[in-house]
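This report concerns only the one structure given below.
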Number of protein chains: 4
Amino acid sequence: MGEKSNQKRQLILETARKIFMEKGYKNVTMKDIVEACGISRGGLYLYFNSTRDIFAEVLRLESQEMDDVFSAGVPEDAAASDILALFLKEQKKEILRKKSNLTVATYEYFFENKVAKKDNLLRSRFEEAVTVIEKLIVDGVENGEFYCEDPLGCARNIMYVLEGLKASAHTMGITEKTVDSELLYVMQGLVAEE
Amino acid sequence: MGEKSNQKRQLILETARKIFMEKGYKNVTMKDIVEACGISRGGLYLYFNSTRDIFAEVLRLESQEMDDVFSAGVPEDAAASDILALFLKEQKKEILRKKSNLTVATYEYFFENKVAKKDNLLRSRFEEAVTVIEKLIVDGVENGEFYCEDPLGCARNIMYVLEGLKASAHTMGITEKTVDSELLYVMQGLVAEE
Amino acid sequence: MGEKSNQKRQLILETARKIFMEKGYKNVTMKDIVEACGISRGGLYLYFNSTRDIFAEVLRLESQEMDDVFSAGVPEDAAASDILALFLKEQKKEILRKKSNLTVATYEYFFENKVAKKDNLLRSRFEEAVTVIEKLIVDGVENGEFYCEDPLGCARNIMYVLEGLKASAHTMGITEKTVDSELLYVMQGLVAEE
Amino acid sequence: MGEKSNQKRQLILETARKIFMEKGYKNVTMKDIVEACGISRGGLYLYFNSTRDIFAEVLRLESQEMDDVFSAGVPEDAAASDILALFLKEQKKEILRKKSNLTVATYEYFFENKVAKKDNLLRSRFEEAVTVIEKLIVDGVENGEFYCEDPLGCARNIMYVLEGLKASAHTMGITEKTVDSELLYVMQGLVAEE
DNA sequence: TATGAATGAGTCTTCATTCAT
DNA sequence: AATGAATGAAGACTCATTCAT
């Protein structure tokens with residue numbers, strides 16, 4: 001029994017995810033989702049009570065997947081600088097993807113739902129990433145790949161730059177060139193010291 | 001046209017500005033504005049056709065004032081590092097002001113109204129600030145206050161960090177301490193080289 | 001300006017009153033009223049926010065009118081027994097009117113909206129009637145029309161009987177004969193003592 | 001049919017009874033009952049087709065029990081006035097019980113379902129009670145406990161007063177003192193003649 | 001018998017926008 | 001220029017009822 005209903009739940013979440021990517025968060029109505037899913041008005045309410053609930057779940061799944069991806073794709077013996085470059089490349093891709101990402105929806109959602117820091121998914125994702133980057137830098141310094149006196153500060157700086165780029169991409173627009181030069185600048189700070 | 005009608009226009013814009021600061025952009029209705037202004041429904045439409053128009057105008061005025069303030073408050077002979085510090089202090093204040101700023105409304109507005117780069121107010125404000133900061137850095141380097149090999153890159157980096165902080169403040173929340181350490185990190189990059 | 005809008009308010013209240021008489025309180029929807037009035041959905045909300053508000057107002061007006069009627073129709077020099085008989089006749093008429101009265105709606109309304117005793121219209125109407133009847137009895141006793149040792153108790157008894165008849169009329173049904181014999185019984189208690 | 005299915009029927013009725021006592025008749029949905037019973041939506045429909053059917057049955061059982069109770073609790077040789085006092089005391093208790101009684105639900109049900117007099121449970125319960133009271137009065141008169149020229153009229157009067165009190169309790173609110181003085185008044189009419 | 005997912009009609013409520021005055 | 005009553009579309013939500021399993 002749970003199986004089938006779980007499938008529909010998945011269908012709803014996947015469909016809703018696409019809609020949120022297209023339209024952001026605030027513009028999405030229960031009706032939008034109902035129609036896109038091809039289910040009845042009442043049917044949707046069996047699974048979720050609001051677009052808010054749906055988006056929260058979409059976001060939760062998104063975060064889970066991210067964790068998986070992160071821990072998966074990276075070779076054990078890769079050089080720190082390579083891993084960092086890889087990470088930045090991923091971020092770049094997401095920053096430049098205009099439509100197919102949840103950035104706008106996520107911003108809109110969190111503008112409206114001030115979440116306690118503790119439970120704030122965005123915050124924990126951010127902190128997690130900071131930790132990973134910091135560790136990469138430390139490793140890199142040990143290997144002589146990087147030069148850095150304040151790995152934590154540098155990691156945070158990188159993350160805030162990325163956040164700034166992400167936001168800017170959806171407000172002022174941003175070119176690949178701009179992203180490249182920003183990321184380059186950040187990497188040079190790590191490498192280019194004599 | 002007349003003086004009087006211009007006064008009402010100002011009233012609307014000032015009132016709307018406050019509302020946008022409180023509620024963001026998407027949550028504001030024509031009704032909200034009408035009621036806050038104490039004018040008639042139809043009356044509002046004589047001046048503006050939508051919250052979008054109103055916000056666009058609020059934003060335009062905001063930008064004008066900013067320019068004025070920038071060029072005004074700074075002493076002629078101040079040291080580059082002092083001016084930069086002053087600028088960052090202002091930014092910090094705005095980042096930490098939770099309610100009384102237009103950040104959220106602005107984001108929401110631009111999420112919804114992808115403006116061509118040319119006419120994008122946010123973009124031009126950003127570029128302008130980059131230019132100013134770059135010039136400060138160049139001055140600072142000449143004076144021996146700063147050490148920096150890529151003033152433009154550094155200026156951009158600073159601006160993106162600020163953007164990231166601004167965004168983060170409204171999504172994940174941010175403490176004064178965090179802002180301080182970010183800004184410190186940025187300044188140290190300019191000063192702390194031997 | 002207020003004139004016209006006041007007319008519509010009256011129209012709504014009168015129309016709603018009829019509907020409440022037909023369908024009771026709980027069965028009436030905003031849609032019912034909108035359609036009966038021939039106005040738009042949103043239009044109704046300009047005047048009232050809920051059927052509850054509308055009914056409360058209908059009831060308030062009803063009570064006002066009652067007061068007026070009471071004080072109006074009675075000749076100055078009428079005998080107490082005649083006035084009482086007149087009052088009971090009115091009550092009888094209302095009890096037997098199956099459809100065109102607000103009894104059911106009123107019950108349903110007060111079942112749902114437990115009103116503080118002080119502000120309870122029903123209660124004040126009841127008390128008022130008790131007072132009037134008591135005074136009639138006292139007058140009647142003085143004139144030798146009535147014999148009664150406890151005018152207040154008797155007045156209350158009459159009112160509770162009437163309430164019981166009113167309720168019964170809408171739950172078990174009641175015949176004119178039954179009402180007559182009840183009222184007769186009550187009157188005889190006042191007159192038939194040697 | 002089977003034992004088991006009969007048990008479930010009982011469960012439904014008992015559960016629904018509690019809900020009706022809490023929420024009246026019109027506010028109760030099939031969903032409420034399903035959830036309170038812990039059975040499936042479809043399951044409920046195997047036994048009853050509507051809240052109306054369920055309430056009708058609840059009421060039928062209620063009446064049966066009443067009969068049982070009535071005939072049970074009364075000692076054979078009790079004085080008429082004692083039995084009547086006992087009866088009134090029971091009624092008083094029910095009138096003052098604010099929540100745990102079916103009065104409101106019953107009113108709401110009969111407002112909506114005008115039942116032919118013949119089949120009207122309320123009516124037959126009422127008539128039955130009248131008969132019992134009348135008989136008590138007759139007995140009392142024979143014993144010299146009571147003085148009464150119209151036992152039937154008096155019995156009816158008592159019942160309508162009780163009905164009036166019951167209704168008032170749920171619309172205007174009523175205090176124990178009020179009930180007491182009403183019942184006292186009624187009893188005095190029987191006793192207090194010289 | 002029993003389940004519970006699914007439906008769709010019905011109601012409430014809010015808003016941008018228009019228009020007669 | 002200005003008013004504010006009026007409209008109707010749009011979205012949220014709930015419920016009785018059905019039906020495949």
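Here is how names work: the chains are called A, B, and so on, in the same order as the sequence lines, proteins then strands, and each is numbered from 1. All of these numbers come straight from a predicted model, not from anything done at the bench.
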Short side-chain N/O contact from [X] to OP1 or OP2 of [N], under 4.0 Å:
X       : N     : result
A/Tyr47 : E/dA6 : yes
A/Lys8  : E/dA5 : no
A/Ser40 : E/dT7 : yes

Q.
I want to confirm an ordering. Mapping C/Gly42 and D/Lys31 to their closest nucleotides on DNA chain F, which one lands closer to the 5' end?
A. C/Gly42
Q: By nearest nucleotide on DNA chain F, pick out whichever of A/Thr51 and C/Ile39 is the more 5' one.
A: C/Ile39
[atom1] of [X] versus [atom2] of [N]: gap in Å, rounded?
X       : N      : atom1 : atom2 : answer
C/Phe48 : F/dA5  : CZ    : C1'   : 15 Å
D/Lys26 : F/dC15 : NZ    : P     : 13 Å
B/Tyr45 : F/dA5  : OH    : P     : 16 Å
C/Asp53 : E/dC12 : CG    : C1'   : 14 Å
B/Met30 : E/dC15 : CE    : P     : 13 Å
A/Ile33 : F/dG11 : CD1   : P     : 12 Å
C/Gln7  : F/dA6  : CD    : C1'   : 15 Å
A/Leu44 : E/dA6  : CG    : P     : 11 Å

Q: Verify the neighbour count for atom CZ of B/Arg52: are there more than 12 heavy atoms of other residues, nucleotides or ligands below 6.0 Å?
A: no
Q. Does D/Arg41 make a side-chain donor-acceptor contact with the base of F/dT17, cut-off 3.5 Å?
A. yes
Q.
For a 4.5 angstrom cut-off between non-hydrogen side-chain atoms, does C/Lys114 reach D/Lys98?
A. no
Q) Which one is paired to E/dT21, where only Watson-Crick or G-U wobble pairs with both distances under 3.5 angstrom count? A) F/dA2
Q: Counting Watson-Crick and G-U wobble pairs only, both distances under 3.5 Å, name the nucleotide matched with E/dT13, or none.
A: F/dA10
Q: Quick one: closest heavy-atom pair of C/Leu13 and C/Ile54, and the distance?
A: CD2-O, 4.0 Å
Q.
As a quick check of understanding, evaluate side chain to side chain donor-acceptor pair (under 3.5 Å) for B/Glu112 and A/Asn27, giving each step before the final call.
A. CA-CA 9 Å; B/Glu112 185 141 304; A/Asn27 285 326; 3.2 Å; yes
Q.
Under 4.0 Å between a side-chain nitrogen and a carboxylate oxygen: does that hold for B/Glu57 and B/Arg60?
A. yes
Q. More 5' along DNA chain E: A/Gly43 or B/Ser50, using each one's nearest nucleotide?
A. A/Gly43
Q. Closer to the 5' end of DNA chain E via nearest nucleotide, is it B/Asn49 or A/Gly38?
A. A/Gly38
Q | Given F/dA2, E/dA16, E/dA6, the nucleotide with the shortest approach to the side chain of A/Leu46 | A | E/dA6
